[in-house]
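Read the structure below first, then the notes.
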Amino acid sequence: MAPVRRYWLMKSEPDVFSIDDLESQGRTSWDGVRNYQARNFMRDEMQVGDLVLFYHSNAKPPGVAGLARVCTRAHPDVSAQDPRSEYHDPKASPDNPIWMMVDVAFVAKFPAFVSLDRLKQEQILADMLVLRRGMRLSVQPVERDHFERVVELGNK
DNA sequence: GCCAACGTTGGC
DNA sequence: GCCAACGTTGGC
């Protein structure tokens with residue numbers, strides 16, 4: 001039975017890590033997620049091969065900058081155990097890492113950046129999670145129809 | 001810089 | 001378990 005591919009949106013502040021950074025590095029461990037719901041998506045539902053909308057948050061303008069692919073299952077985010085890391089969590093330990101991450105690989109930078117304003121103009125995307133008021137989740141599922149439409153917009 | 005929305009913490 | 005206080009997110 002072929003696995004059902006899922007689609008995701010992951011937020012990154014481009015001042016910290018942008019789609020260009022991912023392109024030059026090829027792949028990265030998605031460290032620093034410190035929200036349980038976001039962690040649970042990575043830990044419980046992400047599969048190798050899932051595709052990801054790479055979203056630039058806290059940016060001018062905010063929006064979807066490109067595509068990435070999940071290339072590992074979830075594994076411990078060891079930055080939580082590093083006292084010198086800005087992502088340090090004193091409750092995390094080798095026996096109880098608490099926080100998890102996946103690795104993602106660069107797939108493409110969109111020829112046309114899909115701004116948040118542009119997303120809001122699309123009727124078909126009206127109930128996309130990222131457009132919901134107060135939606136702060138940095139890792140969120142995306143419906144296939146929504147994913148495909150965003151990719152169309154990005155490739156225009 | 002503002003601030004609404006949300007998640008977490010901790011006293012009770 | 002409640003909830004006020006606090007910290008963070010993230011668009012504007």
Side-chain angles (χ1 to χ4, degrees), chain A residues 6-25 28-46 50-70 74-104 106-143 145-154 156:
Chain A
R6 297 196 182 178
Y7 302 95
W8 304 95
L9 179 147
M10 295 172 90
K11 297 178 184 175
S12 183
E13 301 192 18
D15 290 349
V16 178
F17 192 84
S18 70
I19 189 75
D20 292 326
D21 294 323
L22 183 61
E23 179 166 22
S24 59
Q25 286 184 215
T28 192
S29 292
W30 201 270
D31 63 1
V33 171
R34 295 295 177 266
N35 171 280
Y36 287 103
Q37 203 178 348
R39 179 204 65 182
N40 292 349
F41 280 132
M42 289 195 292
R43 185 187 63 188
D44 304 335
E45 299 194 34
M46 274 192 185
D50 285 358
L51 291 173
V52 177
L53 299 174
F54 192 108
Y55 182 89
H56 282 176
S57 63
N58 253 324
K60 292 176 184 174
V64 181
L67 290 178
R69 185 189 319 101
V70 176
H75 54 98
D77 180 349
V78 290
S79 71
Q81 299 169 42
D82 179 359
R84 292 159 305 178
S85 170
E86 60 179 316
Y87 303 130
H88 180 233
D89 179 347
K91 297 189 294 298
S93 68
D95 280 350
N96 182 24
I98 303 180
W99 301 110
M100 307 287 282
M101 60 188 174
V102 296
D103 291 10
V104 304
F106 176 80
V107 173
K109 179 177 178 177
F110 283 152
F113 180 84
V114 186
S115 70
L116 180 59
D117 280 347
R118 186 71 189 85
L119 294 174
K120 287 176 177 170
Q121 290 169 21
E122 284 294 304
Q123 199 60 41
I124 195 176
L125 301 178
D127 59 351
M128 195 174 171
L129 278 182
V130 74
L131 300 182
R132 243 177 236 177
R133 221 163 57 92
M135 169 50 69
R136 303 187 312 177
L137 256 189
S138 63
V139 177
Q140 51 185 264
V142 174
E143 291 176 25
D145 289 354
H146 293 162
F147 178 87
E148 289 175 351
R149 184 64 189 131
V150 174
V151 171
E152 279 180 16
L153 293 170
K156 269 188 180 166

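So you know, we letter chains A, B, ... as the sequences are listed, proteins then strands, and number each from 1.
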Q. Does the pair A/Met46 and A/Arg6 meet the rule for a side-chain contact (heavy atoms from CB on, under 4.5 Å), with working shown?
A. CA-CA 7 Å; A/Met46 274 192 185; A/Arg6 297 196 182 178; over 6 Å; no
Q. Which is it for A/Leu116 and A/Tyr55 under the side-chain contact (heavy atoms from CB on, under 4.5 Å) test, yes or no, and what are the steps along the way?
A. CA-CA 9 Å; A/Leu116 180 59; A/Tyr55 182 89; 3.9 Å; yes
Q: Can you check each nucleotide of nucleotides 6-12 of chain C against protein heavy atoms at under 4.0 Å and return B for base, S for sugar-phosphate only, - for none, in 5' to 3' order?
A: -BBBBBS
(Q) Angle between ring planes, A/His56 versus A/Phe113, binned at 30° and 60°: parallel, tilted or perpendicular? (A) tilted
**Q.** Option passing side chain to side chain contact (heavy atoms under 4.5 Å, CB included) with A/Arg69 (candidates A/Asp103, A/Leu51, A/Val104)
**A.**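 So, applying the side chain to side chain contact (heavy atoms under 4.5 Å, CB included) to A/Arg69 and each of A/Asp103, A/Leu51, A/Val104, only A/Leu51 qualifies.
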Q | Approximate separation, where rounding is to 0.5 Å, of A/Arg136 CZ and A/Ser57 OG | A |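 Spacing of CZ (A/Arg136) from OG (A/Ser57) equals 12.0 Å.
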